[in-house]
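Worksheet for the structure shown next.
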Amino acid sequence: MANPGSGLDVFPIPNDWLSDVDRAFAGEVRAYVDKQIVQARQSKPVDGGLLKDAWQGVSVDLGLQSAIWPERHGGAGQGSPEGAMLLTAVAEQLGRGDVGLGLMLACAQSVAAAVVASSKNDAQLEAVAAPFVGDRPVRVALVFPSMSAGDDDDRIDDEGRFVQAVVRREGGSGTLHADRARPLCGGADADWLGVVALDGDEPTMWWVGADARGVQRHEALKQTGLWACPNAEISLDRVAVASQACVLRGAEAVRSVRSWFQLLAAATCVGALVATFEILSEWGESRVIKGRGQVFKNNPLAASVMADLAARVHRDRLLAYDLAHMMAHPDVFGSAGADAVGVTASHLAQHVARSAETGIHRTMELMGSAGYAREWHLERYWRDVKAVQSCLGSHVLSSMQVARHYYASTCR
Amino acid sequence: MRSIDDFTRPKEYLSPLDDVLGGIVRTWADEEVIPHRRHYDEDWKDHRLIEPPFRRLMGELGLQRALFPEDLGGFGLGHCGSTSTVCFRMFEEVARADSGMAVAFGVTFWPLVMICLEPHVNRRLCETFAPMFCETQRAVFAANAMTEPQGGADIENMDLIKGATLRTTATRDGDSWVIQGHKLWPTNSGGVADLFTVVCTTRPGSTDPDDFAVIFVPADTPGVTQGGPYDKAGMAADKNSDIWFDDVRVPSWYRACGPGEDFRVFKEVISLGNLGSLAFVSGVLLNVYELLGCFLDRARHDGRPLREHDAVAAVLSDVAATIELVRVIGYQYARMLDRPDLYGPRGSEELVAKGRSFKYMACDRAIEVLGEVMNLMELRGVDRAWEVEKHWRDLKIVQLWMGGKQLCQAEVARFFFGCETL
């Protein structure tokens, strides 16, 4: 009989992909999540307070946020892109506890991973590393290109998306400008912003403190989920930026952040699926179809739906770790920002997020009203996974990139 | 862009009441609900914001009276020959505003259907309960207490289980029924309903239809205790809670129809529940169509309006096509229920099974389409200000209730393929 106690064992991936260090770290995070969230939620509400404490614990107390930074900058030296497996395993465990926490990891570590992998400038690395190796949990909001609402059609990237921020230069200095830019998540209480902006025609990413002069945070948005990382629009009114704050320059470099985000978002969704599997396992064991005298999981119709979920968890887990493996080996597959890896990350993340939504939907259908009640916690994963999809963007529009890559289509 | 009235409605058999009542409800929805509904989620426990529009719809506009005979202060919808068709329109219009409100409103009709609908009108019970609904401007709700802690699907699985799993009992004591039991999840519980129908058994474990009983219980009857409302993913306007019946005593004639008849007529309630579900789906999709239209008025991608993107056409057409299908199916089913001379009794195995098939297909499709719309809207899709996500959350329970998808599938397969043990 499968033991739902450990996703690492129940849904195996190739053993040699995770190092002992990766497994140890993931195990620590799993144990922490089990205690601070999964068990705690039986008696406490899952609210911003509980999740904030959990983020502090995982980020600082367990040392997650400094894991991939070089030792000379105060980190644990796991490196990037070598740390892809570690980050994926941790994102999965965090997503199992709370999807919002997984997304917070994705936002913060996607910038970290991209910068560590690409930066040759020690002073710049030092500046970006500082909050990650400090003793306060770092909260990052990413401002990516997005769908526009009647805005400037000249500020469009190579995927047809509106670039929400722009750099203006006067003399030798630059300022960042954005009017009500909408981050992916976490805008309401981020300490740092990773902002994709057009510098002339060139896409760039800027690392900006949320308390910098000219940064205005608007009222918190009410969303369908992601209580761990509430969002808000952000305006940048002539925010002065030194050249060091430009952490990534060029389309490929900027695209690498997106690839990392997509990888970790996918891993987070896998965690949500594992959590769903665990909830359904308990339900299927304890529920009896009275009219048939059957334990729920032994009814073939119910079992077929349960089987679909289990298969889905395993497939999506393999996919996410496969992507991590690719990103950890740029010598073989190309860098995170290269077209091949970027497209793979994009369609894979879309697939896993949609698959997670479907898996949780079907589980709710099996559990009936219990699936809908907050008491069983399943509905929270359902709402949060949907929010992850929104961060990944429209799958229809993303498919244009896929068609261009595989078919040399000219569609946009 | 076309309006929601451009979607198909079967003109050849609409009742004259369709546009009249539909128009009244739409005006109410546009003025009283839609401007405020984004705050309803936080109002799930107190209904401070939700109660006034209910009062307006049900009490002041009088829709809670609709099923009662005219001479008792009602609209006479119970004998108009197009009850289901009119109800489809009304429920659809309410759901366009808020499907939680549509459920609370629609379920109020469920108990009353047992006594107000031809050919099984219970005149004595109509006279007893009509004043409660017809002589007030206050919103008055009814609830159908059916689901029990050990399972709801079993109780709904009437043709196979025949009520054998019911643990709520009704025992005859002189001129009274004494009811003992525990129910959960009824719509309009948690202190909302003034009147319950309680699904119970007069002999636990029995599969004899005579022992299946539906008994009316006013909510203030001694021995009735209700818990606080459940905290749910959505449907804030619909309160659900536990209800305990401890030595609850009601007159013997509070039984809806009688031995054997309760079982037969209650299956009509299942059919009408399926119809209501279809109407809720239709109403929600119509509003999502409107909201998506507003979004598309501004959204741009690659320097052009998003609605002009060829690949997006697939999503847009799925929305429109799904509305068309649900509308056509919903009105067709309504008509089948209104024409027992052609299609047989409303509670027949055939009409229940067909209703289940329509309901679960419509719900599945609607949830999928809603999800696609949210995905297309990207970060606005999960933004509560756009209200599409509210419809998505609210509609999910419509898919889950009434025994859930698996029961629907089992009943449909049983009926069409002659399966005997599913």
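We name chains A, B, ... by the order of the sequence lines, and we start the count at 1 in each one.
- Here the options are B:Val398, B:Leu395, B:Leu400, the test is side-chain contact (heavy atoms from CB on, under 4.5 Å), and the partner is B:Cys363; only B:Val398 passes.
- By number of non-hydrogen pairs under 4.5 angstrom with chain B, the leading residue of A:Glu379, A:Gln389, A:Gln223, A:Arg182 is A:Arg182.
- At least one cation-pi condition fails for A:Arg380 and A:Trp227: the charged atom is not both under 6.0 angstrom from the six-membered ring centre and inside a 45 degree cone around its axis.
- Looking at A:Leu366, both its backbone and its side chain come within 4.5 Å of chain B, counting heavy atoms on both sides.
- If you measure heavy-atom distances from A:Met400 to chain B, the contacts under 4.5 Å come from the side chain alone.
- For B:Trp392, the parts lying under 4.5 angstrom from a heavy atom of chain A are both the backbone and the side chain.
- Formation of a donor-acceptor pair under 3.5 Å by the B:Lys162 side chain with backbone atoms of B:Ser206 is not found in this model.
- Between B:Glu378 and A:Arg161 there is a salt bridge, with a side-chain nitrogen of the basic residue lying less than 4.0 Å from a carboxylate oxygen of the acidic one.
- For a residue to count as touching a neighbouring chain, one of its non-hydrogen atoms must lie under 4.5 Å from one of that chain's; by this rule B:Leu184 does not touch chain A.
- Only the side chain of A:Arg354 comes within contact range of chain B, with heavy atoms under 4.5 Å apart.
- Within 6.0 Å of the CD atom in B:Glu42, the count of heavy atoms belonging to other residues, nucleotides or ligands exceeds 12.
- For B:Ala311, the parts lying near chain A are the backbone and the side chain together; criterion is any non-hydrogen pair under 4.5 Å.
- Looking only at heavy-atom pairs under 4.5 Å with chain A, the residue among B:Lys405, B:Glu389, B:Lys396 that has the most is B:Lys396.
- Using a 4.5 Å cut-off between heavy atoms, B:Gln399 contacts chain A through its side chain alone, with no backbone atom that close.
- The choice from B:Lys390, B:Glu372, B:Met374, B:Gln409 that makes the most heavy-atom pairs within less than 4.5 Å of chain A is B:Glu372.
- In this structure, a donor-acceptor pair under 3.5 Å is absent between the side chains of B:Ser99 and B:His391.
- For chain B, the nearby parts of A:Trp382 are the backbone and the side chain; heavy atoms of each come within less than 4.5 Å.
- At a 4.5 Å heavy-atom cutoff, the contact between A:Glu159 and chain B is made by backbone atoms alone.
- In this structure, chain B has a heavy atom under 4.5 Å from the backbone of A:Pro183, while its side chain stays farther away.
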